[in-house]
Amino acid sequence: MNNKILKGSIIAIILIVFLIFIASSVTSAEAKKSNDTTIETLSKGGLVIKYPSDWGYSKANSNYSIMSISKLSSIDSKGVGQININCEKKPIEGDFVTFVNSTYKALDSSSSSFEMVSSGESMIGDRKALEYIYVSNDTGDEREHKAIWFEKGGQAYVLLYSAPLDKFESNMYVFNYVLSEIKIT
């Protein structure tokens, strides 16, 4: 009788260890799937950017856009991301700083929904850049924007991060990562 109890106990212990092993394997595989973010690369128009795989290529509303990425979960049925980074290239004549400043003066004078938060000098890699942070409310949806402008070959480039006010800060790390890894070719 003691032998049967001992055998039964050993089988029960082995079965429990086996079930724990199976449960931990399934949990580990599920955790790996949900945290398995990779880094993607997009190259276009003289820029090479890197971004996390929970972001992807999206449509942009600007005619000057050379590429646009958005948080995948924020892309609407038209393919436009509500949380996005848009890269634009515009030809300029004259002084770069005057050109960029005139863009924001035009926005300020033509739209009561535009509010400049800050502006100043910045760097993108080893290039001098201009930085603008502003809030807009064109469609009843308040959005915050951060734009980094630089010049290359008579072209004004801007990387514009845009998100609803309540999502702006929590997604800023992606824009900062893009800026830290950007290659200008």
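Count residues from 1 along the sequence.
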Subject >> Sub-4.5 Å side-chain heavy-atom contact between Lys50 and Glu40 >> reply: no
Original post:
Hey, are the side chains of Leu160 and Ile85 touching, using non-hydrogen atoms and a 4.5 Å cut-off?
Top reply: no
Original post:
What residues form a ring pair (Phe, Tyr, Trp, His ring centres under 6.0 Å) with Phe96, not counting sequence neighbours?
Top reply: none
**OP:** Enter the distance from Thr98:OG1 to Lys105:NZ here, rounded to the nearest 0.5 Å.
**Re:** 7.5 Å
Subject >> Lys59 atom NZ: more than 12 heavy-atom contacts under 6.0 Å >> reply: no
**OP:** Using a 4.5 Å cut-off on heavy atoms from C-beta on, say whether the side chain of Arg127 contacts that of Ile184.
**Re:** yes
Original post:
Does Ser74 use its side chain to pair, donor to acceptor, with the backbone of Ile83 at less than 3.5 Å?
Top reply: yes
**OP:** Identify whether Trp55 and Val80 are in the same connected component of the hydrophobic contact network (ILVMFWY, side-chain heavy atoms under 4.5 Å).
**Re:** no
Original post:
Taking the side chain from Lys152 and the backbone from Thr185, do they hold a donor-acceptor pair closer than 3.5 Å?
Top reply: yes
**OP:** Please check if the side chain of Ser65 supplies one atom and the backbone of Ser62 the other of a donor-acceptor pair under 3.5 Å.
**Re:** no
Subject >> Pair Ser162-Arg143, side-chain donor/acceptor within less than 3.5 Å >> reply: yes
Subject >> salt bridge (charged side-chain N to carboxylate O under 4.0 Å, His left out) against Asp166, all qualifying residues, sequence neighbours excluded >> reply: none
Original post:
Is there a path of hydrophobic side-chain contacts, each under 4.5 Å between heavy atoms of I, L, V, M, F, W or Y residues, that connects Val97 with Tyr134?
Top reply: yes
Subject >> Heavy-atom check, side chain of Tyr57 versus side chain of Lys44, under 4.5 Å >> reply: yes
Subject >> Approximate separation, where rounding is to 0.5 Å, of Asn86 CG and Ile66 CD1 >> reply: 9.0 Å
Original post:
How many angstroms lie between OG in Ser58 and CD1 in Ile69, if you round to the nearest 0.5 Å?
Top reply: 8.0 Å
Original post:
What is the distance from atom CE of Met172 to atom CG of Leu179, rounded to the nearest 0.5 Å?
Top reply: 9.0 Å
Subject >> Straight-line distance of Leu47 CG to Lys183 NZ, nearest 0.5 Å >> reply: 12.0 Å
Subject >> Check: Gln155 and Ile92 side chains under 4.5 Å, non-hydrogen atoms >> reply: no
**OP:** Could you tell me which non-hydrogen atom of Phe150 sits nearest to which non-hydrogen atom of Lys128, and how far apart they are?
**Re:** CB-O, 3.9 Å
Subject >> Donor-acceptor contact present, side-chain Thr103 to main-chain Phe99, <3.5 Å >> reply: yes
Subject >> Residue that, paired with Ser136, satisfies side-chain hydrogen bond (donor to acceptor under 3.5 Å, both in side chains) out of Glu142, His145, Glu144 >> reply: His145
**OP:** Carefully, step by step, assess Asn84 and Ser68 under the rule side-chain hydrogen bond (donor to acceptor under 3.5 Å, both in side chains).
**Re:** CA-CA 7 Å; Asn84 64 28; Ser68 183; 4.9 Å; no
Subject >> Heavy-atom closest pair, residues Ser170 and Lys167 >> reply: OG-O, 3.3 Å
**OP:** Return each pair, listed once, that meets ring-ring contact (aromatic ring centres under 6.0 Å, His included) where at least one residue sits in residues 62-90; pairs must be two or more places apart or across chains.
**Re:** none
Subject >> Lys90 atom NZ: more than 12 heavy-atom contacts under 6.0 Å >> reply: yes
Subject >> Co-membership, hydrophobic cluster, residues Ile124 and Val100, 4.5 Å side-chain >> reply: no
Original post:
Among all residues two or more places apart in sequence or in another chain, which pass the salt bridge (charged side-chain N to carboxylate O under 4.0 Å, His left out) test with Lys146?
Top reply: Glu131
**OP:** Identify whether Tyr132 and Ile182 are in the same connected component of the hydrophobic contact network (ILVMFWY, side-chain heavy atoms under 4.5 Å).
**Re:** no
Original post:
Taking only residues two or more places apart in sequence, or in another chain, which ones meet Tyr51 in a ring pair (Phe, Tyr, Trp, His ring centres under 6.0 Å)?
Top reply: none
Original post:
Can you tell me how far the CD1 atom of Ile49 sits from the CG atom of Leu159, to the nearest 0.5 Å?
Top reply: 7.0 Å
Subject >> Listed once per pair and sorted, the ring-ring contact (aromatic ring centres under 6.0 Å, His included) pairs that draw on residues 164-185, sequence neighbours left out >> reply: Tyr161-Phe168, Tyr161-Phe175
**OP:** Please answer: with hydrophobic residues joined when any side-chain heavy atoms are less than 4.5 Å apart, are Leu107 and Met116 in the same cluster?
**Re:** yes
**OP:** Verify the neighbour count for atom CG of Asn61: are there more than 12 heavy atoms of other residues, nucleotides or ligands below 6.0 Å?
**Re:** no
